[in-house]
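Working notes for the structure below.
Nothing here was measured: the structure is a model prediction, and the numbers come from that model. In each ligand, atom 1 is the first atom listed, and ligand 1 is the first ligand listed.
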Amino acid sequence: PCLNHHCKKGKVCEVDEENTPMCVCQDPTTCPGAVGEFEHVCATDNTTYDSSCHFFAQKCSLEGTKKGHKLHLDYIGPCKFIEACMDAELNEFPLRMRDWLKNVLVTLYERDEENNLLTEKQKLRVRKIYENEKRLQAGEHSLDLLAHDFEKNYNMYIFPVHWQFGQLDQHPVDGFLSHTELAPLRAPLIPMEHCTTRFFEQCDADNDKYIALEEWANCFSIKERE
Ligand SMILES: [Ca+2]
Ligand SMILES: [Ca+2]
């Protein structure tokens, strides 16, 4: 009966006396051992967990408590000192992030000959970016150039920003990103980009712990609706 019974992260399925499947907190000792440091995760309580499995098992055991509610997976890798993000650096962050989102999408398009990761309609939109000769190629660019390109080729940045939001807004698809939905983008980025946390915090302009599509677009200075 457990085969088709889906449990969220941190829980496993067990059957009771009546053979009814139910989700219970996973015992962390049943998590596979971490192979290396790269599997460690750092949580918002600044504690390093062996793996995300260990973390979610712990979070589950705290379910219903204030502590458990506030506990989130912060980033991938063991906890480390992360430099404070200065105001000037925070302003630079969306420039690089936008460029990166655009390149992610173009790379996906290049590799997506048969995989169909993108719908036909999406492919059409990315093809326009891909085939644009004025496109800034992937690589390290000065902030001046990135800012200039954003001004000049604003249209190329709209779709990647909206597309990324759609990729993340899945559980549920409601036009809002929860902390958990944002994690796949945020968690691997934090150890590399020390402004990540501050950036996404300020994205949530009304401070309701969710990033709405409008807040997201604003964050990247994309004003138009899709
Ligand atoms: Ca959502
Ligand atoms: Ca919000």
Side-chain angles (χ1 to χ4, degrees), residues 4-11 23 25-26 41-45 52-53 55-60 62-76 82 84-87 89-98 100-102 104-105 108 112 116-119 121-123 125-126 150 154 157-190 193-226:
N4 291 314
H5 196 73
H6 180 77
C7 295
K8 65 174 191 173
K9 282 179 192 169
K11 294 194 173 188
C23 295
C25 283
Q26 181 171 10
V41 297
C42 183
T44 45
D45 60 353
S52 62
C53 173
F55 166 77
F56 284 109
Q58 168 73 5
K59 182 167 164 70
C60 184
L62 292 168
E63 209 167 63
T65 66
K66 211 175 161 189
K67 197 179 160 197
H69 186 69
K70 280 189 353 202
L71 187 65
H72 294 288
L73 197 161
D74 200 16
Y75 53 89
I76 309 294
I82 291 184
C85 168
M86 300 295 141
D87 290 350
E89 296 172 312
L90 187 62
N91 293 336
E92 297 168 1
F93 188 80
L95 287 171
R96 284 184 283 123
M97 185 83 181
R98 263 191 314 250
W100 182 71
L101 289 179
K102 189 189 71 190
V104 165
L105 205 51
L108 202 63
D112 187 35
N116 291 314
L117 296 161
L118 299 165
T119 66
K121 211 176 140 198
Q122 290 173 328
K123 274 187 201 163
R125 305 202 56 169
V126 186
F150 180 59
Y154 173 77
Y157 292 92
I158 302 173
F159 182 63
V161 167
H162 282 274
W163 179 79
Q164 184 63 56
F165 188 91
Q167 288 298 108
L168 297 169
D169 181 24
Q170 294 291 334
H171 311 284
V173 185
D174 57 0
F176 292 92
L177 297 183
S178 65
H179 195 284
T180 315
E181 285 178 307
L182 187 60
L185 177 70
R186 188 181 173 274
L189 209 59
I190 294 178
E193 293 274 3
H194 66 285
C195 282
T196 308
T197 301
R198 234 188 114 185
F199 176 74
F200 288 119
E201 260 168 22
Q202 57 130 46
C203 267
D204 177 20
D206 65 0
N207 226 346
D208 68 347
K209 305 279 178 224
Y210 290 90
I211 299 178
L213 178 57
E214 210 183 336
E215 290 175 320
W216 175 267
N218 265 333
C219 253
F220 290 101
S221 307
I222 301 286
K223 293 284 186 287
E224 287 160 41
R225 296 223 146 236
E226 247 218 299

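Taking 3.0 Å as the threshold, Leu177 does not count as a candidate ligand of the Ca ion (ligand 1), since none of its N, O or S atoms lies below it.
The backbone N or O of Gly175 sits nowhere less than 3.5 Å from a side-chain atom of Trp216 that would complete a donor-acceptor pair. Without hydrogens or angle criteria, Glu63 side chain to Gly68 main chain gives no donor-acceptor distance under 3.5 Å.
Seen from the Ca ion (ligand 1), atom OE1 on Glu181 and atom OD1 on Asp174 lie at an angle near 140° (rounded to 10 degrees). Angle O(Pro172) to the Ca ion (ligand 1) to OD1(Asp169): 70° [nearest 10 degrees].
For the Ca ion (ligand 2), the set of protein N/O/S atoms nearer than 3.0 Å consists of Asp204 OD1, Asp206 OD1, Asp208 OD1, Tyr210 O, Glu215 OE1, Glu215 OE2, ordered by chain and number.
Here the closest heavy-atom approach between residue Leu117 and residue Gln122 is recorded as O-OE1, 4.4 Å. For Ile82 against Ile190, the heavy-atom pair with the smallest separation is CD1-CG2, 3.4 Å.
Enclosure of atom CZ in Phe93 by more than 12 non-hydrogen atoms of other residues, nucleotides or ligands within 6.0 angstrom is indicated. Enclosure of atom CG in Asn4 is not indicated, since only 12 or fewer non-hydrogen atoms of other residues, nucleotides or ligands lie within 6.0 angstrom.
Electrostatic pairing of Glu89 and Arg198 does not count as a salt bridge here, judged by no charged N lying under 4.0 Å from a carboxylate O.
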